[in-house]
Amino acid sequence: MSNKICACCGLSFEKRPQVPNQTYCSLPACQQARRQRWQRDKMQTDPDYRDNQSRNQRAWLDRHPEYWRNYREANPEYVDRNKSRQRSKHDLQQKVDLAKMDVSQGMALRPGLYRIEQISSGDAASSEAWIVEITPLNIDCPCKKDVCKDRT
Ligand SMILES: [Zn+2]
């Protein structure tokens, strides 16, 4: 019978022969930690398990619709926090709108280096970006529009 150090509480415990590679002692808290770690590992390495878990969680919430209502009632600050988060998102949207307006009102595109980036569904890993140089053309534009004549 060999003794091992528990990975949770750090105390030495007596290894049970029927559990090879035992790293946690039999204290309830340590067994809970062991289960949590197993679940976390499983979530990271097993997509099927992850799928299953989130499906179970959704199904559980479907069966307990009062859960979120009760949670919000018991935690009013959570709702407040959520509201202010939405507000700042709204502010950001207004800033973006202002930026768009600048462009549409003829803000000059200055020569220089620009980065062109594909805005996809927020998946940063799949987005590609190019650095492009923009230089004004000083040629006689065949379109003969005023805006082009001004540049020649
Ligand atoms: Zn322990």
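Ligands are counted one by one from 1 in listed order, and the atoms in each one are counted from 1 as well. Since we're looking at a predicted model, the values are computed, not measured.
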- [ ] Check whether any N, O or S atom of Cys8 sits under 2.8 Å from the Zn ion (ligand 1).
- [x]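 So Cys8 does not bind the Zn ion (ligand 1) by this criterion.
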TODO: Please confirm whether Trp38 and Tyr24 have ring centers closer than 6.0 angstrom.
DONE: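 Here the rings of Tyr24 and Trp38 have centres that are no less than 6.0 Å from each other.
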Task: Tyr67 vs Trp60, side-chain contact (heavy atoms from CB on, under 4.5 Å): CA-CA, chis, key distance, verdict - done: CA-CA 10 Å; Tyr67 174 81; Trp60 186 90; 3.6 Å; yes
TODO: For the residue pair Arg50 and Gln53, confirm or rule out a side-chain donor-acceptor distance under 3.5 Å.
DONE: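 No, because no side-chain N or O of Arg50 sits under 3.5 Å from a partner of the opposite role on Gln53.
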Open item on the list: Quick check for you: with the Zn ion (ligand 1) as the vertex, what angle do SG of Cys6 and SG of Cys9 span, to 10°?
Closed with: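 For SG of Cys6 and SG of Cys9, the angle centred on the Zn ion (ligand 1) reads 100°.
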Open item on the list: Need one value: angle at the Zn ion (ligand 1), Cys25 atom SG versus Cys30 atom SG, rounded to 10 degrees.
Closed with: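 It rounds to 110°.
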TODO: May I ask you to test the Asn3-Lys15 pair for a side-chain heavy-atom distance under 4.5 Å?
DONE: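 A side-chain contact is absent here, since even the closest heavy-atom pair is not under 4.5 Å.
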